[in-house]
Amino acid sequence: MAKKSKIEIPSEEKLYTTLKQKGQAELTERKSRFIGHAMPCKTEREALDFIAGIKHEYADATHNVWAYMLDKNSIARYSDDGEPQGTAGIPVLDVIRKSKFTDACIVVTRYFGGILLGAGGLVRAYSAAARDAVSAAEIITYELYVEMKVRCSYSEYQKVEYTFAEYGIIVDDTDFGAEVEIKLAIKEKKFNGYALKLSEMSGGRIIPQKTGERYDYR
């Protein structure tokens, strides 16, 4: 099985919540068209490039309002892009804050439909478009996993394989050579119990070797 790409988050936290993928959603409010775009991003450069890309794609739009939050929420930026102060950028940023994820950028594009929405209407419309885009992108929580290598005999392999479902193991790779060598990942909090399980079922012969750690989900 091909190995998953790593999500590497330099943090002491064991949970990391962000967006799974790009997402887009559209709504119409009193003839104004709002298009929400959301994307996971790790750096300000990625966020700014995403914003620039949306502005280029929707260059004919009335407004391209944006907000992003990065680095465990220590960096937060927003722009009303010409809308009345407090009616656009902050509501979009608040969607990120209230949903409690980080490392993400949201851009809401507006095509004015000729009817003024008022401050309250703008806040509601921008918030709704941002939330819908986030829903399409999907909020996901990654957990700290320990990567390990396990070697066993062919006669032991089936017993080891049976433990995968019980412990929520991710199998990254399996090499059938002189012995069976399996590259696995397990939630950090389950590692010690799993190591004990392997030792007990093999009479101490199977000892998992830690090879690293990463953020992943199951």
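Here the structure is a predicted model, which is why all the values come from computation and not from measurement. Values reported hereafter were calculated over all heavy atoms of this structure, with side chains retained and with hydrogens, waters and symmetry mates removed.
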Exercise. Taking the side chain as every heavy atom from C-beta outward, state whether Lys100 and Ile139 have any pair of such atoms under 4.5 Å apart.
Key: no

Exercise. Give a yes or no answer on whether the side chain of Ser99 reaches the backbone of Ile96 with a donor-acceptor pair at less than 3.5 Å.
Key: no

Exercise. Return yes if some donor-acceptor pair links the side-chain N/O of Thr43 with the main-chain N/O of Glu46 below 3.5 Å, else return no.
Key: yes

Quiz item: Applying ring-ring contact (aromatic ring centres under 6.0 Å, His included), which residue pairs with at least one partner in residues 28-53 are found, sequence neighbours left out?
Solution: Phe34-Tyr126, His37-Tyr58

Practice problem: With the side chain counted from C-beta on, respond yes when Ile140 and Leu19 share a heavy-atom pair under 4.5 Å apart, and no when they do not. | Solution: no

Practice problem: Return the set of residues passing ring-ring contact (aromatic ring centres under 6.0 Å, His included) with Tyr157 (not counting sequence neighbours), or none when no residue passes. | Solution: Phe176

Self-check item: Separation between OH of Tyr142 and CG of Asp216, rounded to the nearest 0.5 Å
Solution: 7.5 Å

Quiz item: By salt bridge (Lys or Arg N to Asp or Glu O under 4.0 Å), which residues pair with Asp49, not counting sequence neighbours?
Solution: Arg45

Quiz item: So, for Ala47 and Cys105, which heavy atoms are closest and what is the spacing to 0.1 Å?
Solution: O-SG, 4.0 Å

Quiz prompt | Heavy-atom pair with the smallest gap, counting every atom of Ala67 and Gly89 | solution = CB-O, 3.9 Å

Exercise. Apply salt bridge (Lys or Arg N to Asp or Glu O under 4.0 Å) to Arg30 and list each qualifying residue two or more places apart in sequence or on a separate chain.
Key: none

Self-check item: Atom pair OG (Ser79) and NZ (Lys55), whose distance is rounded to the nearest 0.5 Å
Solution: 6.0 Å

Exercise. Would you please test Glu26 and Arg33 for salt bridge (charged side-chain N to carboxylate O under 4.0 Å, His left out) and show each step?
Key: CA-CA 7 Å; Glu26 182 173 336; Arg33 181 184 173 205; 2.6 Å; yes

Practice problem: Decide whether Asp103 and Thr18 meet the rule of one side-chain donor and one side-chain acceptor closer than 3.5 Å. | Solution: no

Quiz item: Take atom CD in Glu166; do more than 12 heavy atoms of anything else shown fall under 6.0 Å from it?
Solution: yes

Self-check item: Side-chain (Asp175) to main-chain (Glu181) donor-acceptor, under 3.5 angstrom
Solution: no

Quiz item: Looking at residues at least two apart in the chain, or sitting in another chain, which of them share a salt bridge (Lys or Arg N to Asp or Glu O under 4.0 Å) with Lys189?
Solution: Glu143

Practice problem: Could you tell me whether Lys190 atom NZ has more than 12 heavy atoms of other residues or ligands within 6.0 Å of it? | Solution: yes

Self-check item: Interatomic spacing from CD in Gln24 to CD1 in Ile35 - rounded to 0.5 Å
Solution: 6.5 Å

Quiz item: Do Ser135 side-chain atoms and Arg131 backbone N/O form a donor-acceptor pair below 3.5 Å?
Solution: no

Exercise. With the side chain counted from C-beta on, respond yes when Val134 and Val95 share a heavy-atom pair under 4.5 Å apart, and no when they do not.
Key: yes

Quiz prompt | Polar side chain donor-acceptor pair, Glu156 to Ser153, under 3.5 angstrom | solution = yes

Quiz prompt | Polar side chain donor-acceptor pair, Asp71 to Ser74, under 3.5 angstrom | solution = yes

Quiz item: Going by heavy atoms in the side chains, are Leu184 and Glu147 under 4.5 Å from each other?
Solution: no

Exercise. Could you tell me whether Glu29 and Arg124 have a side-chain N and a carboxylate O separated by less than 4.0 Å?
Key: no

Quiz item: Taking side chain as C-beta onward, heavy atoms only, is Ile170 less than 4.5 Å from Tyr145?
Solution: yes

Practice problem: Apply ring-ring contact (aromatic ring centres under 6.0 Å, His included) to Tyr167 and list each qualifying residue two or more places apart in sequence or on a separate chain. | Solution: Tyr194

Practice problem: Using atom types as modelled and distance alone, determine if a side-chain donor or acceptor of Thr174 lies under 3.5 Å from a backbone N or O of Ile182. | Solution: no

Exercise. Might you point out which heavy atoms bring Ile115 and Lys31 nearest each other, and give the distance in Å?
Key: CD1-CD, 4.0 Å

Quiz prompt | Side chains of Phe101 and Pro40 in contact at under 4.5 Å (non-hydrogen atoms) | solution = no

Quiz item: Which heavy-atom pair separates Val123 from Gly86 by the least distance, and what is that distance?
Solution: CG2-O, 4.0 Å

Exercise. Grab the two heavy atoms, one from Tyr154 and one from Ala178, that are nearest each other, plus how far apart they are.
Key: CE1-O, 3.7 Å

Practice problem: Compare all side-chain heavy atoms of Thr17 with those of Thr102 and state whether any distance is below 4.5 angstrom. | Solution: no

Quiz item: Side chains of Arg110 and Thr62: donor-acceptor distance under 3.5 Å anywhere?
Solution: no

Self-check item: Non-hydrogen atoms of Leu70 and Ala104 that approach each other most closely
Solution: CD2-N, 4.1 Å

Quiz prompt | Beyond-backbone contact of Leu27 with Asp132, side-chain heavy atoms, under 4.5 angstrom | solution = yes

Exercise. Look up atom CG in Leu117 and atom CG in Leu122, then write down how far apart they are to the nearest 0.5 Å.
Key: 5.0 Å

Practice problem: Starting at CG of Asp80, measure out to NE2 of His63 and round the result to the nearest 0.5 Å. | Solution: 10.0 Å

Practice problem: Drop me the distance from Leu144's CG to Lys187's NZ, to the nearest 0.5 angstrom. | Solution: 11.5 Å

